[in-house]
Amino acid sequence: MDKIQDNIKTLLNLFDNKKFDEVIIKSKKLIRKFPNYLILYNILGSSYQNTGRFNLARDIFIKANKMDASNIAIMNNLANVHKNIGEMELSENLFQKIIKKNPNYTNAYINWGNLKRDSNDFESAINLYNKAYKIDEKNPVVLYSLALAYQGLGDFKLAINFAKKTLQIDKKFTQADMLISQS
């Protein structure tokens with residue numbers, strides 16, 4: 001048991017350092033040894049997603065979702081990969097399902113909001129981000145997402161306001177600094 005936990009820590013460290021190809025190789029080997037560890041599928045699928053291999057990521061997340069249909073992290077990643085390959089309806093359906101299972105799961109609101117923002121539906125994005133904000137007012141990603149959506153609407157005053165709130169929570173959130181400069 002300790003060995004698998006150590007391997008998972010190693011994988012997560014490699015993932016955090018963006019060594020996705022190495023993570024993919026090691027994850028595949030570990031899945032052959034430990035086929036029931038869902039986290040391995042999540043790490044593998046996320047690595048594929050980060051390298052732009054969205055169809056492979058989708059296949060991995062679908063397999064993991066079949067193993068445990070209640071795993072919200074897997075569902076969230078699957079919804080994101082559906083979004084990335086243009087399967088918007090499948091993505092939205094999954095986000096709705098996640099929120100129904102766990103109405104306090106901020107990542108689903110953020111990611112669904114990103115889908116709406118990417119589709120230039122800024123009003124819907126803001127609505128979803130505000131739901132996430134009500135759950136977690138100290139989440140810099142929520143605040144920055146609101147800044148981006150307001151920037152997209154052309155409301156630069158609110159965009160700057162939310163970017164500044166982002167920086168109050170995370171001074172190293174450089175995208176917020178760039179948004180302020182651009183606005």
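Quantities reported herein were computed from a predicted structural model and do not represent experimental measurements. The basis for the numbers below is simple: all heavy atoms, side chains too, and nothing from hydrogens, waters or symmetry mates.
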Could you measure the distance from the CZ atom of Arg117 to the OG atom of Ser145? Nearest 0.5 Å is fine.
5.5 Å

Who passes ring-ring contact (aromatic ring centres under 6.0 Å, His included) against Phe34, sequence neighbours left out?
Tyr37

Euclidean distance, Leu11 CG relative to Asp6 CG, rounded to 0.5 Å
11.0 Å

Is there a continuous path of hydrophobic side-chain contacts, each under 4.5 Å between heavy atoms, that joins Ile24 to Leu12?
yes

Ala163 and Ile180: which non-hydrogen atoms are nearest, and at how many Å?
CB-CG1, 3.5 Å

Residues in side-chain hydrogen bond (donor to acceptor under 3.5 Å, both in side chains) contact with Asn17, at least two apart in sequence or another chain:
Asn13

Under a 4.5 Å cut-off applied to non-hydrogen side-chain atoms, are Lys33 and Ile4 in contact?
no

Holding to side-chain hydrogen bond (donor to acceptor under 3.5 Å, both in side chains), I want the full list of residues that pass it with Thr51, two or more places apart in sequence or in another chain.
Arg53

Heavy-atom nearest pair, Gly113 first then Ala125, reads O-CB, 3.3 Å

In this structure, would Trp112 and Val141 fall into the same cluster of hydrophobic residues linked by side-chain contacts under 4.5 Å?
no

Linking I/L/V/M/F/W/Y whenever their side-chain heavy atoms sit closer than 4.5 Å, directly or via other members, would Ile74 and Ile62 fall into one cluster?
no

Please examine the side chains of Val23 and Leu44, heavy atoms only from C-beta on, and report whether any two atoms are closer than 4.5 Å.
no

Hydrophobic cluster membership, Leu148 vs Phe173, 4.5 Å side-chain cutoff:
yes

Under the 3.5 angstrom rule, does the side chain of Tyr129 hit a backbone N or O of Tyr144 as a donor-acceptor pair?
no

Can you list the residues that meet the side chain to side chain contact (heavy atoms under 4.5 Å, CB included) rule with Lys165, with sequence neighbours excluded?
Tyr133, Leu143, Asn161, Phe162, Gln168

Using the ring-ring contact (aromatic ring centres under 6.0 Å, His included) rule, collect all pairs that involve residues 42-62, keeping only residues at least two apart or in two chains.
none

Taking only residues two or more places apart in sequence, or in another chain, which ones meet Asn127 in a side chain to side chain contact (heavy atoms under 4.5 Å, CB included)?
Lys131

Pairs in or reaching into residues 64-91: which pass side-chain hydrogen bond (donor to acceptor under 3.5 Å, both in side chains), with residues at least two apart or in two chains?
Asn42-Asn77, Arg58-Glu87, Asp68-Ser70, Asn76-Asn111, His82-Glu87, Lys83-Asp118

Interatomic distance, Ile169 atom CD1 to Lys171 atom NZ [nearest 0.5 angstrom]
10.0 Å

If we only count heavy atoms from C-beta on, is the Lys26 to Asn7 side-chain gap below 4.5 Å?
no

Can you name the residues that form a side-chain hydrogen bond (donor to acceptor under 3.5 Å, both in side chains) with Asp170, not counting sequence neighbours?
none

Under 4.5 Å between any side-chain heavy atoms of Asp136 and Val142, yes or no?
no

Under the rule for side chain to side chain contact (heavy atoms under 4.5 Å, CB included), what residues qualify as partners of Ser124, not counting sequence neighbours?
Lys116, Asp121

Residue set satisfying side chain to side chain contact (heavy atoms under 4.5 Å, CB included) with Met67, at least two apart, ordered chain then number -> Asn36, Leu38, Tyr41

My understanding is that only residues two or more places apart in sequence, or in another chain, count here; which of them pass ring-ring contact (aromatic ring centres under 6.0 Å, His included) with Phe15?
Phe20

Could you state the interatomic distance from NZ (Lys3) to CD1 (Ile8), rounded to the nearest 0.5 Å?
13.0 Å

Is Lys164 close to Ile160 at the side-chain level, that is, under 4.5 Å between some pair of heavy atoms?
yes

Distance-only donor-acceptor hits, side chain of residues 94-110, under 3.5 Å, sequence neighbours excluded:
| from | atom 1 | to | atom 2 | distance (Å) |
| --- | --- | --- | --- | --- |
| Asn102 | OD1 | Asn104 | N | 3.0 |
| Tyr109 | OH | Pro103 | O | 3.0 |

To the nearest 0.5 Å, what is the distance between OG1 (Thr174) and NZ (Lys172)?
11.0 Å

Quick check for you: to the nearest 0.5 Å, what is the distance between Lys157 atom NZ and Ser183 atom OG?
13.5 Å

Test of understanding: clusters of I, L, V, M, F, W, Y form through side-chain heavy atoms closer than 4.5 Å, transitively. Do Leu78 and Ile85 belong to the same one?
yes

